[in-house]
There are 2 protein chains.
Amino acid sequence: MNLSTPLTRPSLHEELVTRLRQAIVEGALEPDAKVPERELCENLGVSRTPLREALKVLANEGLVVLQSNRGARISKVTMEELEDAFPVIAVLEGLAGELACASATDKEISHIVARHHDMFRYYEAGDRSAYFQANRDIHAALMAAARNPVLAQHYAMLSSRVERARLLANVSDSRWAEAVEEHREIVKAVEARDGPRLSALLRAHLNNKLAALKKALT
Amino acid sequence: MNLSTPLTRPSLHEELVTRLRQAIVEGALEPDAKVPERELCENLGVSRTPLREALKVLANEGLVVLQSNRGARISKVTMEELEDAFPVIAVLEGLAGELACASATDKEISHIVARHHDMFRYYEAGDRSAYFQANRDIHAALMAAARNPVLAQHYAMLSSRVERARLLANVSDSRWAEAVEEHREIVKAVEARDGPRLSALLRAHLNNKLAALKKALT
DNA sequence: TCTTTTCATTTTGTATTCATAATTCAAGAT
DNA sequence: ATCTTGAATTATGAATACAAAATGAAAAGA
């Protein structure tokens, strides 16, 4: 049992940030909807103070828009935002790939590889939701292996803003096949610990993802 | 005159975020110091509520650390943080360079070039503070020319975390000379609108800056 | 009928209050 | 003397209160 870490109860506003962020990303709080302050307070059993603190934080992250004297709205997912965010995510993932090749443990590498094989099986089985889960795991594992908390923080922020687009547009089967092919190259680069190549592949992968989203959303 | 944007008085917490961030970056609020909540409230003439909202936002940005039931402290500038942040800033500036080459107006390009010439003059004159100001302007102008608000937002956040290091370590004259040389190459790439080259130069410039900081801080 | 105006209601931003946890400091124990 | 102990004080987190602004609905005017 760990007796060295000073035990610290998370404050209400922190929990609220986490839960609201999740609700927004999952679409439980819909884009452009007004944030029902009173209702949330009642449901969550907290007063307005910590809830409003959480909203300020989420506004700073771009998930919520504050309108003076008119409360908060869930921010919309616009094409412009996606077009701005994806290139940034791309270079961050690219960097993560480089760093991961340099600092990942062998165990981490083999975990990423294993998750890839899972993912390929889900693709064969046509199980989209398991595929997406595996895909998220892979990107998260890569990010963790990069050993750079600052990078991870900004990546997480951007991901949360962009994740919601998945709810708006189902990618085509042909794009799915393409993405899988790209991942076959990616996993090869991971196994070879080829940082520059992995970086380039990830950047290209993200840019293709954006192009596919664009097509699906117009 | 702009008549489309609905005029909106900034809320107290927003103003506080701005002012506190500035105070932290400029060193008026020193790293590791406790945030004097009561004192700030009195000086700024606001109640605790908006101040605490601002602190939550700054904590989310990493400029402040919240300790449960023990208030807030200004976060320390650690070598680990700089080592994590600089590579991220480097890829963001690299991306900004690429994008700027593609989307900057001729006027923006010539402004960046002009500011470079100013900066070189300040270097000749040995005027460090004017040099730094011009340097900041150049990076800001480049970022603006990239036309990507998401990129700009994350760049600003990271810059604020890292700016403070400048107060801790004066770079050597030899590094200054080096940096100027690097900028001579950078401005050439800007004039030529050579995106890939500018991107590579900026990334290298940032990595060298980190190395210089490392040396100066040990 | 369709606007415009008025006024009650609700919502919002900020201030204030309150309960609890941390800190301080003096008194007693070692 | 130094180290504990515990009550008094202060600071903090969260709830509540309050004033100002926005919203909505009914009444007055076109």
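Everything numeric in this text was worked out from a predicted model, so none of it was measured.
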[X] has a side chain; which of [options] sits nearest to it?
X: B/Pro50; options: C/dT12, D/dA14, C/dA15; value: C/dA15
X: A/Leu12; options: C/dT12, D/dA14, C/dT14; value: D/dA14
X: B/Ser47; options: C/dA15, D/dA15, C/dT17; value: C/dA15

Return the value, rounded to whole Å, for the distance between atom [atom1] of [X] and atom [atom2] of [N].
X: B/Glu37; N: D/dA14; atom1: CD; atom2: C1'; value: 12 Å
X: A/His13; N: D/dA15; atom1: NE2; atom2: C1'; value: 17 Å
X: A/Arg48; N: D/dA19; atom1: CZ; atom2: C1'; value: 12 Å

- prompt: Between B/Arg161 and B/Asp84, is the closest basic N to carboxylate O distance under 4.0 Å?
  reply: no
(request) Could you tell me whether B/Glu37 and B/Arg48 make a salt bridge, using a distance below 4.0 angstrom between a side-chain N and a carboxylate O? (result) yes
Hey, mind stepping through B/Thr78 and B/Glu81 against side-chain hydrogen bond (donor to acceptor under 3.5 Å, both in side chains) and telling me if it holds?
CA-CA 5 Å; B/Thr78 66; B/Glu81 188 192 17; 4.7 Å; no
Quiz item: Is the ring centre of B/His116 less than 6.0 Å from the ring centre of B/His111?
Solution: no
**Request:** Determine the contact category for B/Gln67: base if any of its heavy atoms lies under 4.0 Å from a base atom, sugar-phosphate if only primed atoms, P, OP1 or OP2 are that close, otherwise nothing.
**Result:** sugar-phosphate
Any base atoms under 4.0 Å from A/Arg38, or only sugar-phosphate, or nothing? Heavy atoms, all strands. sugar-phosphate
Note: for A/Asn69 and A/Thr49 on DNA chain D, the residue whose nearest nucleotide lies more 5' is A/Thr49
Any side-chain N or O of B/Lys34 under 4.0 Å from OP1/OP2 of D/dT10? no
